[in-house]
Amino acid sequence: MDLKGLYEELLKIHGKLEKWWPGSSEEIIISAVLTQNTNWKNVERAMENLKSKCESLENWTLLECVHMLREDLPSLIKPAGFYNIKSQRLIALLSWMKQYEFSIEKISEKSTYDLREELLSVKGIGKETADSILLYAFEKPVFVVDAYTKRLLKRLYNTEFKDYDDYRLAFENSIEQDVRIYQEYHGLIVEHSKKYCNSKPKCNSCGLNNSCFQAKYLQNL
DNA sequence: CACCAGGCCCTAT
DNA sequence: ATAGGGCATGGT
């Protein structure tokens, strides 16, 4: 299993991927919650609702605005699904950010480890959501692992790790610690998977027969 | 009609 | 410790 080589192959196939997770740091924090087990297209609709609502309320940042909206949140984020529980999660996350006056700058001063622990202590923020926020909003060097990542390793190498952090460390120990590379690599895995590995395997033993394993897509692995 | 999507929490074994 | 169910919309 050559995860550095996989990165280079994906780069060759899809080209460079700058700024893969769209939006400002504030938007990334919100959308990281909204995208939990949810199609990105639905997240975009919900984000549009929030942004247009908050633009009409001048002189508040998006984070301040969403924090104030509270009981209006479920209807606004409805298209993203799980809207009741996600509203609670957004409020919990923003309540945590309030102690830093919603300042990306201030929060970024904390160490990666401390910040990760604090995010994980917020109810509704699990490892993938925390790491997405760390990597894309706060630009901390943490590799993001998602269902696509696990599926791809299973299909390419027939490899599975015990838990989330084992996957994360496998990537972090295989490539140089670089925020831009981590951001791009994760994005490449998602884009590649959407394009070529888009359905779950029918059974455990047939994983290697899926299209994303075919030489056509990944010749040198 | 069924299944899936850039998870997480709670509960019952 | 860990599998299973609930959360919900919109696309295929």
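Throughout, a chain's letter reflects where its sequence line sits, starting with A, and its residues are numbered from 1. When reading the values below, keep in mind they use all heavy atoms of this one structure, side chains included, and skip hydrogens, waters and symmetry mates.
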Please work out whether the ring planes of Phe143(A) and Tyr182(A) are parallel, tilted or perpendicular, with thresholds of 30° and 60°.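 Perpendicular: the ring planes of Phe143(A) and Tyr182(A) meet at over 60°.
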Shortest non-hydrogen separation from [X] to [Y] and the atoms involved:
X         : Y         : result
Leu17(A)  : Leu188(A) : CD2-N, 3.5 Å
Gln177(A) : Pro141(A) : NE2-CG, 3.3 Å
Leu3(A)   : Leu153(A) : CD2-CD2, 3.8 Å

Calculate the interatomic distance between [X] atom [atom1] and [N] atom [atom2]; express it in whole Å.
X         : N      : atom1 : atom2 : result
Leu34(A)  : dA5(B) : CG    : P     : 18 Å
Leu120(A) : dG7(B) : CG    : C1'   : 13 Å
Glu44(A)  : dA5(B) : CD    : C1'   : 13 Å

Please tell me which of Ile125(A) and Val190(A) maps to the more 5' nucleotide of DNA chain B, matching each residue to the nucleotide holding its nearest heavy atom. Val190(A)
Is a donor from one side chain sitting under 3.5 angstrom from an acceptor on the other, for Ser87(A) and Asn84(A)?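 Ser87(A) vs Asn84(A): no donor-acceptor pair found between side chains.
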Polar side chain donor-acceptor pair, Tyr7(A) to Glu184(A), under 3.5 angstrom: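 Yes, because at least one side-chain N or O of Tyr7(A) sits under 3.5 Å from a partner of the opposite role on Glu184(A).
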Identified side chain to side chain contact (heavy atoms under 4.5 Å, CB included) counterpart of Leu94(A) within the set His67(A), Arg89(A), Glu64(A):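 Running side chain to side chain contact (heavy atoms under 4.5 Å, CB included) over His67(A), Arg89(A), Glu64(A) with Leu94(A) returns exactly one hit, His67(A).
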When you look at Glu139(A) and Ser108(A), which way does the side-chain hydrogen bond (donor to acceptor under 3.5 Å, both in side chains) test go after all the steps? CA-CA 8 Å; Glu139(A) 309 203 307; Ser108(A) 297; over 6 Å; no
Step-by-step salt bridge (charged side-chain N to carboxylate O under 4.0 Å, His left out) determination, Lys12(A) to Glu9(A): CA-CA 5 Å; Lys12(A) 273 189 231 163; Glu9(A) 281 306 302; 3.0 Å; yes
Identify the pairs formed between an N or O of the protein and an N or O of nucleotides 10-13 of chain B at a distance under 3.5 Å, and give each distance.
from, atom 1, to, atom 2, distance (Å)
dC10(B), OP1, Lys123(A), NZ, 3.3

Less than 4.0 angstrom from a charged side-chain N to a carboxylate O is my criterion; do Glu44(A) and Lys41(A) meet it? yes
Hey, do the aromatic rings of Trp20(A) and His186(A) have their centres closer than 6.0 Å?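 Ring-ring flag for Trp20(A)/His186(A): true, centres closer than 6.0 Å.
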Reading nucleotides 7-12 of chain C from 5' to 3' and marking B where a protein heavy atom lies under 4.0 Å of the base, S where only the sugar-phosphate is that close, and - otherwise, the string is BBBSS-
Using the C1' atom in both, what is the distance from dA5(B) to dT2(C), to the nearest Å?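 Those two atoms are separated by 24 Å.
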Quick one: which protein N/O atoms are closer than 3.5 Å to N/O atoms of nucleotides 1-5 of chain C? Pair and distance per line, please.
none

